[in-house]
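Residue numbers begin at 1 in each chain, while the letters A, B, ... track the order of the sequences.
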Number of protein chains: 2
Amino acid sequence: MSTLKKSPTEFHHGELRESLITAGIKQVESHGLNSLSLRQLSIVTGVSQTAAYRHFEDLEHLKAEVSKASREILGKMMLARIARIDESDPRKLAIARLWEAGDAYIEFGMRRPNLFEIAFISYDSPKLKPEDPSPWGILNSCLDELYEKKLISAETRKDGPLIAWSMVHGFAGLASQRFTGTVRETKLSAEIVLNSVLRSLKIR
Amino acid sequence: MSTLKKSPTEFHHGELRESLITAGIKQVESHGLNSLSLRQLSIVTGVSQTAAYRHFEDLEHLKAEVSKASREILGKMMLARIARIDESDPRKLAIARLWEAGDAYIEFGMRRPNLFEIAFISYDSPKLKPEDPSPWGILNSCLDELYEKKLISAETRKDGPLIAWSMVHGFAGLASQRFTGTVRETKLSAEIVLNSVLRSLKIR
DNA sequence: GAACAATGTTAACAATGTCAACATTAAAGA
DNA sequence: TCTTTAATGTTGACATTGTTAACATTGTTC
């Protein structure tokens with residue numbers, strides 16, 4: 001277990017900060033946000049109860065880092081879906097990228113609700129620099145591309161991120177809490193929502 | 001203080017359950033979700049540390065009730081805004097009702113972010129019956145009215161709740177965390193979002 | 001190689017969730 | 001009315017956790 005190793009010596013772990021965040025992600029994903037504790041995390045990682053305090057000011061800062069890591073996972077999932085698209089028509093490609101990015105966002109909310117929860121819970125108290133690539137950044141790239149390909153207006157380019165993110169984020173949040181019925185229903189609902197996003201952007 | 005009184009006798013509080021929920025709302029609103037504790041709540045309410053256990057199975061169940069109470073507050077705010085509308089044209093009235101309901105929802109997220117947070121945090125573990133009137137119910141009433149007035153299609157009546165709620169809920173959540181800049185900007189953004197909802201519903 | 005910074009450990013305290021045992025009151029049935 | 005019982009509240013106790021202080025070990029720098 002990489003989370004258990006202490007390298008290079010037995011005393012110094014070597015990558016404790018990263019291990020703690022990784023263990024935090026695992027813990028939150030499998031047992032929920034409330035189960036996150038500095039002590040248990042330290043022990044699982046193979047160090048003493050208070051070792052984490054050498055890397056995080058307090059529990060809130062640790063949570064903020066796990067939150068950021070969750071958003072990074074989400075960002076990677078979005079990029080992975082975008083990379084998998086097979087489409088030669090540049091216009092269709094631009095639209096497909098927005099669609100897949102949004103669908104990946106929704107899938108993340110459905111499949112990993114606990115990570116989605118911590119990803120977007122008030123995490124700005126301990127100030128963090130925006131991760132790269134962030135979901136917000138990816139969305140803006142998609143809209144940039146749509147604008148370059150003349151598929152949306154300048155005004156829509158300006159308001160689009162707000163509209164698209166609100167809709168997708170809102171649905172993902174509701175779906176992650178099973179507000180929207182079964183998974184099968186949610187799949188269909190996701191299509192409705194994504195189609196509605198495209199309509200809102202008034203794609204030409 | 002109603003939360004402190006023990007009636008009718010000194011031993012029995014009389015309305016402890018309601019007092020605890022009310023105190024919980026206050027506590028969450030002013031000091032955040034994490035500050036909620038059974039012990040402190042009991043003491044604030046004027047009873048012993050463990051009195052709350054006669055009314056709530058555990059902390060999670062107490063949270064679920066505070067969550068439900070928060071949604072009820074939101075529902076009342078939406079209804080209050082709807083009731084304040086002065087509009088004689090039935091069609092304009094129906095549209096205004098949806099607008100005001102959505103705007104109240106967004107305002108709730110902005111002005112009372114801590115209540116908004118607990119209102120829509122995974123609260124379904126301890127099963128609860130839907131409160132009355134729920135935000136979801138109010139939204140559906142608005143769409144019913146739009147449909148009766150022939151302002152939206154049957155299909156939109158079906159998909160509308162999902163679309164409208166996703167958009168408004170998503171934006172409210174983002175706004176409650178100041179993702180969208182200053183309050184002034186948020187006011188403008190709210191208009192953009194609500195206009196986008198109306199466009200998505202393809203009002204005739 | 002010595003001084004210093006970084007990292008990890010141990011011990012301790014307060015706050016909290018929770019349970020068990022007990023006390024008091026209200027409610028219901030004789 | 002009186003007794004029994006359920007509902008409600010209290011006290012004491014224990015485990016877990018966040019957090020700090022004091023101390024120990026290791027890596028780094030001059």
Once you round it to whole Å, what is the distance between [atom2] of [N] and [atom1] of [X]?
| X | N | atom1 | atom2 | value |
| --- | --- | --- | --- | --- |
| B:Leu62 | C:dT18 | CG | P | 10 Å |
| B:Ile43 | D:dT11 | CD1 | C1' | 13 Å |
| B:Glu18 | D:dT8 | CD | C1' | 13 Å |
| B:Phe56 | C:dG17 | CZ | P | 13 Å |
| B:Lys63 | C:dG17 | NZ | C1' | 11 Å |
| A:Gln40 | D:dA15 | CD | P | 19 Å |

Checklist entry - Counting just side-chain N and O atoms, does A:His55 come under 4.0 Å of either OP1 or OP2 of C:dA6? => result no

Sort and list the pairs that fulfil salt bridge (charged side-chain N to carboxylate O under 4.0 Å, His left out) and have at least one residue in [range], not counting sequence neighbours.
| range | result |
| --- | --- |
| residues 94-109 of chain B | B:Arg81-B:Glu100, B:Arg81-B:Asp103, B:Arg81-B:Glu107, B:Arg97-B:Glu145, B:Glu107-B:Arg111 |
| residues 27-53 of chain A | A:Glu29-A:Arg112 |
| residues 164-175 of chain B | none |

side-chain hydrogen bond (donor to acceptor under 3.5 Å, both in side chains) partners of [X], counting only residues at least two apart:
| X | result |
| --- | --- |
| B:Ser141 | none |
| B:Glu72 | none |
| B:Asn195 | none |
| A:Glu87 | none |

I'd like a table of atom pairs between the protein and nucleotides 19-21 of chain D - only N or O on both sides, under 3.5 Å - with the distance next to each one.
unit_1 : atom_1 : unit_2  : atom_2 : d
D:dT19 : OP2    : A:Tyr53 : OH     : 3.3
D:dT19 : OP2    : A:Leu59 : N      : 3.0
D:dT19 : O4     : A:Arg39 : NH1    : 3.2

Item to check | Angle of first-five versus last-five pair axes in the helix from C:dG1-D:dC30 to C:dA30-D:dT1, to 10 degrees | outcome: 10°

Next on the checklist: Given 3.5 Å as the limit, does a donor-acceptor pair link the side chain of A:Ser67 with the main chain of A:Ala119, or not?
Outcome noted: yes

